[in-house]
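Only a predicted model underlies this, so the values are computations on that prediction, with no experimental measurement involved. Scope of the values below: all heavy atoms of this structure, side chains included, with no hydrogens, waters or symmetry mates.
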Amino acid sequence: MTSVQVEQHDRTPGEGVQGEGDGEGYHRALGARQIQMIAIGGAIGTGLFLGAGKAISKAGPSLILAYAIVGLVIFFIMRALGELLMYRPVSGSFSDYAREFLGPFWGYATGWTYWLFWVVTGITEVTAAAKYMSYWTHDSFPQWAYALIFTVILYAANLISVKLFGELEFWFSMVKVTAIVGMILICAGILTVGFSDAAAGASVSNLWNDRGFFPNGIGETLMTLQIVVFAFLAVELVGVTAGESKDPAKTLPKAINTVPWRIAVFYVGALIMIMSVIPWSNFKAGESPFVLAFEKMGLGIGAAIVNFVVLTAALSSCNSGMYSTGRMLRDLALNGQGPKFFTKLTKTGTPLVGTTFSAGLMLVGVWINYVAPGKAFDYVVSFSTISGMWAWIVILVCQIRYRAKADRGELPQSTFRTPGAPYTSYFSLAFIAMVIVMMALDADSRVSLYCAPLWGLILGVSYLVLKSRNPSGAAFEKASSSS
């Protein structure tokens, strides 16, 4: 039987944490190299490896511009998060900041929404992993069975220790980074030296020769923004690791400042190379552009290797989901906004009950893969996008509120200020609003916007029920900022 402990939550805003463990009972076991790779891995996932196929087929080469623009917005969001983290590094991250700067309900809503985001994302990623396995098995083994196996394995790994989680993410990310850099170099070799079957048609002019840079019009490019945004979801995961980082003041800013070159290389650079070697019209929804690129090059073994890499990427993201859901549930419970049994930790500092509960819900993905294996990925992507963007909205609004208070001298200034704030934060919020409008215009993703008000209603009613049972509880009083 697993031994557990229950920690008391007695932390005031503005209170940092030092040492091997923090006031929440977590172990500071994540080192600099692990934080760096978690940050890198968060920006490279299924959205790029699988979702980009659909986006390329819709937008053509203009998808490169879409990734660059969204990447800029992501950098502003991450710098806003970094400013908050340096003010107060906590494992609750977004929900803690929402609780302090917006009020107790918003902390409650943010914590539960981010938890739901990772549950849905876990379903998305385990679905993608199961789909990738069919590359080798050719449907001889049911897709739902792979989803079940992967869910169980990652659940078990997450219960051992946060250090093991960090090591898994380090090597998962290393595989992804090595593969993308390797493919960029191979594509560069094809364009310059001219080897492989794809050399005859390979040219940078492929980016504009087939009906121009915007082959289907600017409007179609705008409609792919939700796919592009989905590819970047989870970059904010580094904020959840703050409570378990050995030296957050040093490692977190360094990880965040690598965002621009990560986006430039892994997204923009990779797409430029792929669409220069293989004309964009060859790509279609449901197929990984990376696997297809190697197949067109005549490198069969390369396609198999890349398929293994994208399988790794999916499992990496699902692993992150297992990690973050347990911690978000525990933060809610410690603040009186969730069941107390979620506060339990194992001796190694992992949130046992929260992780188990979340993993159990991720098994819904197994059922989706059973009843609709062909459509499973599309069903959950759009809802994952809207729930994930909520965390970004909260980060930006909290940063605006924090900066205003800090400039008035009510709070200490962060050592990692957001460039151009608050204007860059306002710009990022406007961009997110535009993406939501694009989702409303897309019949495939509109369903997620129908679900969002229902989720909001559930949160509102449940919050009022909890507050009615304990109206004077600290969980329902706005946190007072420390000066």
Exercise for the section: Taking all heavy atoms of T418 and all of A80, pick out the closest pair and write down the distance. Expected result: OG1-CA, 3.3 Å
Completion exercise
Nearest heavy-atom contact between P419 and F75 is CG-CE2, 4.5 Å
Practice task
Compute whether any side-chain donor of one residue and acceptor of the other, for T355 and N158, lie under 3.5 angstrom apart.
Solution key: no
Are there over 12 heavy-atom neighbours, none belonging to [X], within less than 6.0 Å of that residue's [atom1]?
{"X": "W106", "atom1": "CH2", "value": "no"}
{"X": "F141", "atom1": "CZ", "value": "yes"}
{"X": "F416", "atom1": "CZ", "value": "yes"}

Are any non-hydrogen side-chain atoms of [X] and [Y] less than 4.5 angstrom apart?
{"X": "L154", "Y": "M362", "answer": "no"}
{"X": "L411", "Y": "F101", "answer": "yes"}
{"X": "C398", "Y": "E100", "answer": "no"}
{"X": "L334", "Y": "R330", "answer": "yes"}
{"X": "V181", "Y": "F266", "answer": "yes"}
{"X": "W455", "Y": "T113", "answer": "yes"}
{"X": "I56", "Y": "L271", "answer": "yes"}
{"X": "M223", "Y": "K58", "answer": "no"}

Exercise for the section: Could you grab the distance from atom CZ of F341 to atom OG1 of T356, nearest 0.5 Å is fine? Expected result: 11.0 Å
Handout entry: Reported CZ-to-CG distance for the pair R327 and L345, which is rounded to 0.5 angstrom
Key = 8.5 Å
Handout entry: Contacts of A179 that satisfy side chain to side chain contact (heavy atoms under 4.5 Å, CB included) - sequence neighbours left out
Key = V309
Practice task
On the 0 to 90° scale, with breaks at 30° and 60°, tag the Y463-F105 ring pair as parallel, tilted or perpendicular.
Solution key: perpendicular
Problem - Steps toward side chain to side chain contact (heavy atoms under 4.5 Å, CB included) verdict (I74, Y267) - result: CA-CA 13 Å; I74 294 301; Y267 283 91; over 6 Å; no
Exercise for the section: Assess the pair Y402 and Y97: is the distance between their ring centroids shorter than 6.0 Å? Expected result: no
Side chain [X], main chain [Y], donor-acceptor under 3.5 Å:
{"X": "T137", "Y": "M133", "answer": "yes"}
{"X": "S358", "Y": "G354", "answer": "yes"}
{"X": "T178", "Y": "V175", "answer": "no"}

Exercise for the section: Run the numbers on Y146 and Y132 for side chain to side chain contact (heavy atoms under 4.5 Å, CB included), then give the verdict. Expected result: CA-CA 10 Å; Y146 282 124; Y132 290 138; over 6 Å; no
Handout entry: Geometric cation-pi criterion, R99 with Y108: 6.0 Å, 45°
Key = no
